[in-house]
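A quick write-up on the structure given underneath.
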Amino acid sequence: QIREKIALAETLFSSLAGLKREKGLIKWLYGRNDHLSFEIVAKDNKINFYVIVPDKIKDFVEQQIHAQYPHAQIDVESDYNIFKPQSHIIGAYLFLKNKSVFPLKTYKKIESDPLSVILNPLSKVGEEEGAVIQYIIRPASPKWHRQGVKMIRDIREGQKFEYVARRSGFMRSLQKWKKVLFKSNKQDSINEPYRLTQMEEEMVKNMEEKISHGGLELTIRIISSANTKEKAQLN
């Protein structure tokens, strides 16, 4: 039942990944304006969900939310403020440890509701405190998809998984040209092809599933505000 509910959000974000991506010299110089921000905010002993969108796609986003959550109530709000004059503020970014083509553990393999892991700590934030988890998204370049296809192809052709995982695009091109310029006299059949372990095989399958979906560029920020630095850090 939890998975069915979360799958609605997957459909929602897939539709946002399908939006036309802004590109061109002007956008490169002055910045894109096709990003949305999904925010979970703990403030005044309440937890609120905000969506910040450009005016040009406001109606589209509302339609997509109501399509998946027909009973959702959407209210237009002014900007919020979690900070007090005496606040100590701590912020952080979250980054992927590995390349974006590698899979994350998704709701399909989690037994409990992953949202409760976030909401339970936020519910403990005090009245004079505040916290924000901010997910900023925008349609991704097809580059990440092409990178995934190349990595999977190289692994399927017999290259070692850990080498392909660490290798940069430049090193891949260098290796490709090396094969063209310096052909070996030995037959390839002499070399035993690399066999994937069961875990590596599962990883490749998950990579294939991931690149079958639309891509979103993502920035995750966490901000905590409290009367003391220690409490802000704890939150």
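- Taking 4.0 Å as the cut-off between side-chain N and carboxylate O, Glu127 and Lys46 do not count as a salt-bridged pair.
- The heavy-atom pair separating Ala232 from Ser224 by the smallest distance is O-OG, 2.7 Å.
- Here the side chain of Glu22 pairs a donor or acceptor atom with the backbone of Asn33 at under 3.5 angstrom.
- Interatomic distance, CD of Gln134 versus OG1 of Thr219, reported as 8.5 Å (0.5 Å rounding).
- With respect to Lys43 and Glu128, no salt bridge is recorded, no charged nitrogen being found less than 4.0 Å from a carboxylate O.
- Nearest heavy-atom pair across Ile82 and Ala42 is CG2-O, 4.4 Å.
- Counting heavy-atom neighbours within 6.0 Å of Asn81 CG, excluding the residue itself, gives a total above 12.
- A donor-acceptor pair under 3.5 Å is absent between the side-chain atoms of Lys108 and the main chain of Ala7, judged by distance alone.
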Gln64 vs Leu19, test: side chain to side chain contact (heavy atoms under 4.5 Å, CB included). Steps then yes/no. CA-CA 12 Å; Gln64 295 304 314; Leu19 287 170; over 6 Å; no
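- No more than 12 heavy-atom neighbours from other residues, nucleotides or ligands sit within 6.0 angstrom of NZ on Lys105.
- No path of Ile, Leu, Val, Met, Phe, Trp and Tyr side chains, each step under 4.5 Å between heavy atoms, connects Ile2 with Ile118, placing them in separate hydrophobic clusters.
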Taking it one step at a time, do Lys205 and Glu200 satisfy side chain to side chain contact (heavy atoms under 4.5 Å, CB included)? CA-CA 9 Å; Lys205 289 180 180 178; Glu200 290 173 343; over 6 Å; no
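- Put simply, the side chain of Val132 does not reach to within 4.5 Å of the side chain of Arg221, judged on heavy atoms.
- Connection of Val125 to Ile89 is not established within any shared hydrophobic cluster, with ILVMFWY side chains joined at heavy-atom distances below 4.5 Å, either directly or through further cluster members.
- Separating the CD atom in Gln147 from the OG atom in Ser100 is a distance of 5.5 Å, to the nearest 0.5 Å.
- Between the side chain of His145 and the backbone N or O of Ile211 there is at least one donor-acceptor pair closer than 3.5 Å.
- The two atoms that bring Pro54 and His35 nearest to each other are CD-O, 3.4 Å, heavy atoms only.
- Between Tyr69 atom OH and Leu8 atom CG the span is 5.0 Å, to the nearest 0.5 Å.
- Taken together through direct or relayed side-chain contacts under 4.5 Å among Ile, Leu, Val, Met, Phe, Trp and Tyr, Tyr50 and Ile136 form parts of separate hydrophobic clusters.
- Between the side chains of Asn120 and Lys124, not a single donor N or O lies within less than 3.5 Å of an accepting N or O.
- Residues Lys210 and Trp144 meet the side-chain proximity criterion, which asks for heavy atoms closer than 4.5 Å.
- Ala226 and Glu129 get closest at one heavy-atom pair: CB-CG, 3.8 Å.
- Atom CG of Asn235 and atom CD1 of Ile223 lie 13.5 Å apart (nearest 0.5 Å).
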How far apart are the C-alpha atoms of Met151 and Phe102, what are their side-chain angles, what is the distance that settles it, and do they pass the side chain to side chain contact (heavy atoms under 4.5 Å, CB included) test? CA-CA 10 Å; Met151 289 177 64; Phe102 286 110; 3.6 Å; yes
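- The side-chain heavy atoms of Ser225 and Lys84, taken from C-beta on, include no pair separated by under 4.5 Å.
- Looking at Ile6 and Ile110, their side chains never come closer than 4.5 Å, going by heavy atoms from C-beta outward.
- Atoms CD and OG1, from Glu10 and Thr106 in turn, are 7.5 Å apart once rounded to the nearest 0.5 Å.
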Intermediate values then yes/no, side chain to side chain contact (heavy atoms under 4.5 Å, CB included), Arg153 and Arg156: CA-CA 5 Å; Arg153 183 188 301 135; Arg156 293 293 189 195; 5.8 Å; no
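- Ile52 places none of its side-chain heavy atoms less than 4.5 Å from the side chain of Asp79.
- Side-chain contact between Arg146 and Lys143: present, with at least one pair of heavy atoms (C-beta onward) separated by less than 4.5 Å.
- Contact between Ser116 and Pro121 at its shortest, heavy atoms only, is O-CD, 4.2 Å.
- Leu218 and Val101 sit in two unconnected hydrophobic clusters of ILVMFWY residues. Membership requires side-chain heavy atoms under 4.5 Å apart, directly or through other members.
- Other residues, nucleotides and ligands place more than 12 heavy atoms under 6.0 Å from the CZ atom of Phe49.
- Using a 4.5 Å cut-off between side-chain heavy atoms of Ile, Leu, Val, Met, Phe, Trp and Tyr, with links allowed through other members, Val149 and Met203 fall into the same hydrophobic cluster.
- Looking only at distances, a side-chain donor or acceptor of Asp113 sits under 3.5 Å from a matching main-chain atom of Leu115.
- A distance of 13.0 Å separates NE2 of His88 from CD of Gln233, quoted to the nearest 0.5 Å.
- The pair Asp34-Arg32 meets the salt-bridge criterion, since a charged nitrogen lies less than 4.0 angstrom from a carboxylate oxygen.
- For an aromatic pair to be called close, the ring centres must be under 6.0 Å apart, and Phe13 with Phe38 satisfies this.
- Using a 4.0 Å cut-off between charged nitrogen and carboxylate oxygen, Lys58 and Glu62 count as a salt-bridge pair.
- Taking a 6.0 Å sphere around CD of Gln198, one finds it holds 12 or fewer heavy atoms contributed by other residues, nucleotides or ligands.
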